[in-house]
Amino acid sequence: MKQRGLIPRKVKGFRDIDPALNEQRNRLVQVASKVYRSYGFEHWDSPILEYAECLGKYLPDQDTADEGVYSFRNPELEPILDMKGNGLRDSSNNVLMDNHLLSLRYDLTAPLARKYAEELWTGSGQTKSPTLFRRYQYGPVYRFEAKLDPGRYREFWQMDFDTVGSSDVASDAEACCILSDTLEALGLARGSYEIRVNTRNLHKGLFEKLGISDEGVARDVLRVIDKYDKIGEAGIAAELGEGRVDPLSKAKIPGLGMPLDQVQTLVNYVQSCIGVQGRENVLARLAPLLGDTPTGRFGLDELQRIHEILNGLDYLDNRVVFDPSIARGLAYYTGPVFEAVSKLEYRDASGKVRGFGAICGGGRYDGLVEKLLGIKVPATGASIGVDRLLELLRQTQQLEIAATGPVLILVMDQQYMLEYQKFAKELRQAGIAAEVYYGQKSKMKAQMSYADQRQAPVVVIAGGNEFEQGTVSVKDLRRGKELSDQITDRSQWLSDKPAQMEVPRADLVATVKGMLSD
RNA sequence: GCCGCCUUAGCUCAGUUGGCAAGAGCACCUGACUGUGGAUCAGGGGGUCAUUGGUUCAAAUCCAAUAGGCGGUACCA
């Protein structure tokens with residue numbers, strides 16, 4: 001029995017990212033950045049760590065990481081501040097200190113609100129007047145998820161763009177255009193995805209009509225309606241009323257226990273306006289249902305305006321649709337909300353057909369800065385779920401996975417090490433990635449295997465023979481691989497030295513370059 | 001959280017109704033005229049059959065608990 005030390009293991013929900021995935025992610029981020037920039041957004045970053053209290057309402061009550069946020073105590077003692085930003089003092093006039101609770105950011109919007117609020121904060125209890133701010137940002141965010149589905153992690157990337165300081169619905173319409181542009185720039189075919197738009201004001205209008213004023217009940221109802229495409233009308237009716245048992249999983253889903261007439265009204269609403277083709281048709285169906293409530297009317301106007309702008313810019317029904325069932329982040333969206341879904345499907349390892357779900361989400365959040373400063377600052381924006389979108393692009397083979405390795409310089413003899421380093425330097429100066437072999441196994445076969453495994457396109461070989469002749473041997477591994485298919489005899493394989501040439505030392509860079517460009 | 005299924009070498013799995021010394025493929029390592037990746041051939045290492053407890057003359061195989069995984073479902077800023 002072997003003695004072993006600690007067991008190496010990775011934290012659940014976190015991943016190691018290999019070169020291929022990194023490559024793909026960089027490409028995605030670059031393409032999206034270009035689109036965002038073209039709309040005038042500038043690139044900002046913010047820290048991964050924030051004071052828990054600044055991140056908003058989803059905070060753990062204790063020191064533990066629960067409620068979805070990773071938190072811990074700052075090792076540094078810092079003053080406890082009052083509402084004016086001054087340190088609190090005890091009766092003997094000493095400033096009260098605390099190890100403040102810090103949290104890993106769970107999205108990029110809350111830190112944006114913090115940054116923006118900080119700019120407006122003057123320290124004298126007053127605030128500057130809100131200015132227009134448009135930024136994009138990408139990077140990892142952290143959520144403590146109890147259950148991890150495939151493709152769902154505790155550390156994952158988001159890529160956001162936001163417009164802070166505008167209440168104009170045009171900026172919401174613009175967000176939809178940006179999402180559409182970005183997805184298409186990434187190679188998603190028009191028609192293979194859909195931006196779905198709704199506004200919270202329609203829901204508010206609906207509840208006004210139903211006489212539901214309880215925030216919690218409203219939220220429960222929306223949660224159910226949001227599941228329309230999953231469980232259908234009957235499912236919705238059941239979950240609003242008595243509850244149901246999911247036939248597949250046999251899981252009991254408790255109902256909301258609403259009175260029958262309310263259930264009926266809601267089902268009518270769902271029936272008449274969900275799954276309706278064409279934005280204008282959706283509006284036409286909604287008008288008689290909600291037009292008589294002030295908030296509903298307002299919501300209808302919002303959608304109408306968005307529709308006009310989208311239409312005028314040629315973002316038609318095959319790109320952006322209205323879907324009154326979608327709810328999204330109930331806790332903080334206040335107006336239009338949108339999400340992007342892919343209609344593509346793929347077969348997983350067991351041959352099962354699967355979809356991808358939402359790959360982008362966003363909406364208007366006019367209350368976020370208010371929580372920090374007490375003043376209302378309108379804002380809207382959206383976020384790409386980078387990892388999920390990457391998975392989509394990979395599964396549908398719209399991204400090449402190949403990451404090519406460097407040119408490898410074999411170490412045939414330690415006495416020429418300086419020369420090998422010079423080879424590498426010359427290649428690098430010509431813009432070619434080059435690596436000198438530093439492995440433990442000095443046999444040439446082992447070095448070749450390493451080159452193969454690293455996906456090196458070319459190998460440079462120079463031993464005593466070459467140095468005597470003033471030459472180097474350069475081997476094209478990619479070509480060699482093709483040729484190897486035709487060779488079955490080992491001695492022939494060895495003697496032919498396929499795709500290999502010996503050239504004057506001075507021609508090294510040019511020769512390698514030539515092989516790489518084929 | 002709830003329901004169901006699963007857990008045998010690094011990976012994918014086989015192991016018959018409990019019974020002969022725990023297997024295969026791939027991967028890995030070594031070698032095949034010693035300076036050449038592939039293919040082929042010949043060898044080789046590697047498993048407390050998830051863990052713990054129980055039933056039995058006998059358990060990878062039956063039972064229980066625990067852990068981890070998968071599939072639904074719920075939640076999801």
Side-chain angles (χ1 to χ4, degrees), chain A residues 1-2 9 12 55-59 67-69 103 105-111 113 141-150 152 154 158 219-220 223-224 226-227 230-231 235 239 243-254 327-333 337 348-350 352 354 357-358 361-363 365 367-368 371 383 385 408 410-413 441-466 473-500 502:
Chain A
M1 177 109 122
K2 268 183 252 172
R9 56 190 185 140
K12 191 159 51 162
L55 283 184
K57 65 176 288 194
Y58 296 89
L59 297 177
E67 287 294 320
V69 183
S103 294
R105 64 187 183 196
Y106 54 76
D107 69 9
L108 298 176
T109 314
V141 301
Y142 302 84
R143 293 183 193 179
F144 176 75
E145 305 277 1
K147 183 171 178 188
L148 297 159
D149 298 325
R152 187 168 169 177
R154 289 174 172 173
Q158 290 195 326
R219 196 176 292 187
D220 289 339
R223 199 173 289 147
V224 173
D226 193 43
K227 286 160 73 176
K230 235 180 186 176
I231 60 177
E239 290 200 23
R244 68 188 181 92
V245 174
D246 188 78
L248 239 168
S249 66
K250 290 175 200 157
K252 275 180 205 154
I253 298 153
R328 301 207 66 83
L330 301 164
Y332 77 64
Y333 288 124
V337 290
D348 67 9
S350 61
K352 203 167 173 181
R354 298 175 157 281
Y365 49 99
L368 213 58
K371 282 178 188 151
S383 175
L408 189 75
L410 303 196
V411 174
M412 305 302 291
D413 188 334
K441 295 177 185 168
S442 56
K443 277 194 172 176
M444 188 170 176
K445 190 175 173 109
Q447 302 196 38
M448 290 299 293
S449 292
Y450 175 76
D452 201 34
Q453 170 222 323
R454 282 295 306 279
Q455 318 239 46
V458 169
V459 137
V460 178
I461 305 165
N465 301 344
E466 282 83 356
S473 293
V474 184
K475 180 162 183 155
D476 186 334
L477 290 190
R478 291 181 298 192
R479 174 77 68 76
K481 184 140 198 150
E482 290 165 23
L483 295 177
S484 77
D485 293 340
Q486 300 152 25
I487 301 173
T488 52
D489 178 60
R490 180 170 170 79
S491 56
Q492 192 195 345
W493 164 259
L494 291 180
S495 63
D496 276 13
K497 299 193 163 96
Q500 180 171 335
E502 190 173 348

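Because only heavy atoms are used, hydrogens play no part in the values below, and waters and symmetry mates are left out as well, while side chains stay in.
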Does A58(B) have a Watson-Crick or wobble partner in any strand here, with both distances under 3.5 angstrom, and which is it? none
Heavy-atom nearest nucleotide on RNA chain B for A499(A) versus K443(A): which residue maps closer to 5'? K443(A)
Choose from G68(B), C76(B), G35(B) the nucleotide whose nearest atom is closest to any side-chain atom of R223(A). C76(B)
Counting side-chain heavy atoms from C-beta on, which of C75(B), A77(B), G38(B) comes nearest to R143(A)? A77(B)
Distance between C1' atoms of G43(B) and A65(B) (Å, rounded): 45 Å
Taking atom P in both C6(B) and U17(B), what distance in whole Å separates the two? 15 Å
Counting side-chain heavy atoms from CB outward, which of A77(B), G37(B), C75(B) is closest to R490(A)? G37(B)
Have a look at E482(A) and say if it touches a base, only the backbone sugar-phosphate, or nothing, with a 4.0 Å heavy-atom cut-off. nothing
Please give the nucleotide sitting opposite C13(B) as a Watson-Crick or G-U wobble pair, both distances under 3.5 Å, or none. G23(B)
Re G68(B): Watson-Crick or G-U wobble partner, both distances kept under 3.5 Å, found to be C6(B)
A39(B) phosphate, OP1 or OP2, under 4.0 Å from W493(A) side-chain N/O: no
Side chain of M448(A) - closest among U30(B), U36(B), C75(B): U36(B)
Identity of whatever pairs with C49(B) - Watson-Crick or G-U, under 3.5 angstrom: none
Sticking with atom P, work out how far G53(B) lies from A60(B), rounded to a whole angstrom. 14 Å
Taking atom P in both C5(B) and C62(B), what distance in whole Å separates the two? 14 Å
Set out, in order, the CA-CA distance, both residues' side-chain angles and the distance that settles salt bridge (Lys or Arg N to Asp or Glu O under 4.0 Å) for R223(A) and D220(A), then state yes or no. CA-CA 5 Å; R223(A) 199 173 289 147; D220(A) 289 339; 3.1 Å; yes
Of the listed nucleotides (G68(B), U36(B), A74(B)), which one gets closest to any side-chain atom of Q500(A)? U36(B)
If you take all heavy atoms of R105(A) and L55(A), which pair is closest and at what distance? CA-CD1, 4.1 Å
Which heavy-atom pair separates A462(A) from M412(A) by the least distance, and what is that distance? O-CG, 3.3 Å
When you measure from the side-chain N and O atoms of K445(A) to the phosphate of G37(B), is any distance below 4.0 Å, counting only OP1 and OP2? yes
Given that both distances must come in under 3.5 Å, which nucleotide forms a Watson-Crick or G-U wobble pair with U30(B)? A42(B)
Checking D413(A) side chain against G463(A) main chain: does a donor-acceptor pair fall under 3.5 Å? no
If you look at every heavy atom in Q447(A) and S442(A), which pair is closest and at what distance? NE2-O, 3.0 Å
Judged by atom type as modelled, is there a donor-acceptor pair below 3.5 Å linking the side chain of R143(A) to the main-chain atoms of R154(A)? no
Write down the partner of C76(B) under the Watson-Crick or G-U wobble criteria, each distance required to be under 3.5 Å. none
From G37(B), U30(B), U36(B), pick the nucleotide closest to the side chain of K441(A)? U30(B)
Among G37(B), C29(B), G35(B), which nucleotide has an atom closest to any side-chain atom of N465(A)? G35(B)
Any idea which of C75(B), G35(B), G37(B) is nearest the D452(A) side chain? G37(B)
